[in-house]
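Scroll down for the structure; my scribbles are underneath it.
All residue numbers refer to positions in the sequence shown, counting from 1. These figures come from a predicted structure and were not determined experimentally.
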Amino acid sequence: MTIQEMIARQQAIVSGARAAGRDLTAEERAEFDGLQRQIDAAGNNPAHGAEGQGGEDPTGGARGMGNDNGQQGTDPTEAARQAVATERQRVSDITALCRQAGMDPAKYISNGDTMDTVRQAAVDYLLKHGAPVSSRMNGDEGDNFRQAAVDAMLLRTGVNVQNPAKGAEEMRGYSLRDLAIECMARDGVGTTTSLLRMSKDDLWNEACRQFFNPTAAFPAILDNAIRKNIVQMYQEIPTTFQLWTTKGSVSDFKPTKDHSYLAGGAGEFLRVGENGELKADTPKTELLPQRQIDTFGRQFSMTRQAFINDDVGFITEMPGLYAMSAKRTINKQVYKILIDNPAIFDGVSLFDNAHNNLIASGAAPSIDTLQAAMLKLLHQKDPFGDSIMVEPKYVIVPVGYGFKMSQILETAMIDVTGIGSHTANALYQYRNKLQVIEEGALNVLAGDGNAIPWFVAGDQRYAKSLQVDYLNGQETPTIRRSEVPGRLGFVWDIWLDWGITAVDFRGIAKNPGTTI
């Protein structure tokens, strides 16, 4: 057996045990050690190491003979040792590359393939199969354990985790105490046996000390689980403001510039005759509102009692509630502007006759009242007097009008006084153009017994109304563990930076409504 074959056999023994998730058996260990002794002997006695090769010098020349230049040949013992070292390096490099690509290294090792050959095979494999290694797994055992622990905690509490990290299923039965012990043992705080002997209270005290260690696994796992759950819950909470408002981004907390170019502010195109000259134009500007954001947040904690009681649900319930609260707060603030009808950047109320976006008398949605609101948008002009014909896209109504809106838009034939029955419904053609948004915040903010207004908004790409700005475009809350004197527990701050501004009045019209 050649050196290459012996090393390949060793690799096969190790790979087989690793694939089975076990250590080497006594027979495998004996065979591995025996092969190693033969490899070492070959390095010291190249004549035996060249078995199957006719006893030739590994350097390719006759032993004791000079080379083609008449120089003294290489020391055969040293050459054999170099051959062994080179082969081991080749096996190591091939194994590492194949693991990264998700390939089996055995055949490349046994075939004696060079690294160039294996690299090309890896490229071909990746092109055919795509990325073989989950983005979760970065090759670092500590990071992989933490990710698996995060997913396990979320799985245990019923959170839907797509593509859980490897090992998450095995860890989903861990209690908070089990997880703390595993983390501390990995961090070298103590042995698993010594940590198991600690009471829950003593273990909690040790966990609190871990709070101040930036590399400690236990608090980092809690952070990641909370952060992941916050993002998921924030995205899933049903709100409606994002459907019809525009989204903006600001880079700081200072007021933004108060002038901007508006659509329609450019001069009309002029006819240019033969050999004529194009006339220069300077786009007009119009005063726009200053936009500014603020910080909104809360603080929550995992108490000592929650740890001792193994309240894993804290990881999903508490942070999820605050994530939902953040988005609902934005939703409430948006609709409060519609209800309160404050003065905007031009000193006039958002909905006003001067803005031509207010119906004089309130009424429930009907074919006639809906058409009247839509006409308010279609008659809008830009700041320079030109028609912009804002196309209606959203009908925003309080809870209680959803079914009525379906009847209005889905009925093809209606009865019209003076015309007769079976008359075409002019709004039927808008059934796929108008999106009905039914929002309960309008009912609550209007108050019991009061008239509840409803609105028609245009396509926000062409005509804006309300805009929600975020700091650097970040829409999900941020969390941070913080130290609070006198607080017995892990404490987290959660906050989000946003601001809501009525940037224009042309994109929305209001019917004052009636009581429901």
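- Checked by atom type, the side-chain pair T245/Q242 shows no donor-acceptor distance below 3.5 Å.
- Judged by distance alone, the side chain of T514 and the main-chain N or O of G362 form no donor-acceptor pair under 3.5 Å.
- Side-chain atoms of K376 and N356 include a donor-acceptor pair closer than 3.5 Å.
- Checked for salt-bridge contact, D504 and K464 miss the test: no charged N lies under 4.0 Å from a carboxylate O.
- To the nearest 0.5 Å, the span separating CD1 on I293 from CG on N472 amounts to 8.0 Å.
- Between V395 and I437 the shortest side-chain heavy-atom distance does not fall below 4.5 Å.
- At distances below 3.5 Å, at least one donor-acceptor pair connects side-chain atoms of D178 with backbone N or O atoms of S175.
- Not one N or O on the side chain of S349 forms a donor-acceptor pair closer than 3.5 Å with the backbone of D352.
- Residues W498 and E475 are not in side-chain contact: their nearest non-hydrogen atoms beyond the backbone lie 4.5 Å or more apart.
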Apply side chain to side chain contact (heavy atoms under 4.5 Å, CB included) to residues M405 and L434 and explain how you reach the verdict. CA-CA 10 Å; M405 287 304 308; L434 290 176; 5.8 Å; no

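- Remark: the Q467 side chain and the D469 side chain contain an N/O donor-acceptor pair separated by less than 3.5 Å.
- Note that R186 lies in the cation-pi zone of F145, set by a 6.0 Å cut-off to the ring centre and a 45° limit from the axis.
- Side-chain contact between Q333 and F296: present, with at least one pair of heavy atoms (C-beta onward) separated by less than 4.5 Å.
- Going from atom OH of Y174 over to atom CD1 of I181 covers 10.0 Å, rounded to the nearest 0.5 Å.
- No side-chain heavy atom of K510 sits under 4.5 Å from any side-chain heavy atom of L338.
- Counted within 6.0 Å of CG on D340, heavy atoms from surrounding residues, nucleotides or ligands total more than 12; the atom is thus considered enclosed.
- Counting only heavy atoms from C-beta outward, the side chains of L466 and L350 approach each other to under 4.5 Å.
- Rounding to the nearest 0.5 angstrom, the gap separating the CG atom in N163 from the CG atom in D151 is 9.5 Å.
- Between the side chains of T240 and E439, a donor-acceptor pair is found at a separation under 3.5 Å.
- No side-chain heavy atom of T476 sits less than 4.5 Å from a side-chain heavy atom of I230.
- Because its NZ or CZ atom is both nearer than 6.0 Å to the ring centre of Y430 and within 45° of the ring axis, K433 counts as a cation-pi partner of that residue.
- Taken from CE in M153 to CD1 in I226, the straight-line distance is 8.0 Å, to the nearest 0.5 Å.
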Passes side chain to side chain contact (heavy atoms under 4.5 Å, CB included), V272 versus E277? Steps please. CA-CA 7 Å; V272 181; E277 180 182 357; over 6 Å; no

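- Proximity of the aromatic rings of Y335 and F241 is defined here by a centroid distance below 6.0 angstrom, and this criterion is not met.
- Side chains of E169 and R172 form a contact here, defined as non-hydrogen atoms less than 4.5 Å apart.
- For the atom pair CG (N425) and OG1 (T411), the distance works out to 6.5 Å, reported to the nearest 0.5 Å.
- In this structure, CZ in F345 is found 12.0 Å from CD in Q290, a value given to the nearest 0.5 Å.
- Listed for the Q380 side chain is a donor-acceptor partner under 3.5 Å among the backbone atoms of H355.
- A distance below 6.0 Å separates the ring centres of F455 and F351.
- A salt bridge links R481 with D223: at least one charged nitrogen is closer than 4.0 Å to a carboxylate oxygen.
- Although no hydrogens or angles enter the test, the distance criterion places no donor-acceptor pair under 3.5 Å between the side chain of N224 and the main chain of V150.
- Under a 3.5 Å cut-off, the side chain of R506 and the backbone N or O of K381 do form a donor-acceptor pair.
- A salt bridge links R304 with D201: the distance from a Lys NZ or Arg NE/NH1/NH2 to an Asp or Glu carboxylate oxygen falls below 4.0 Å.
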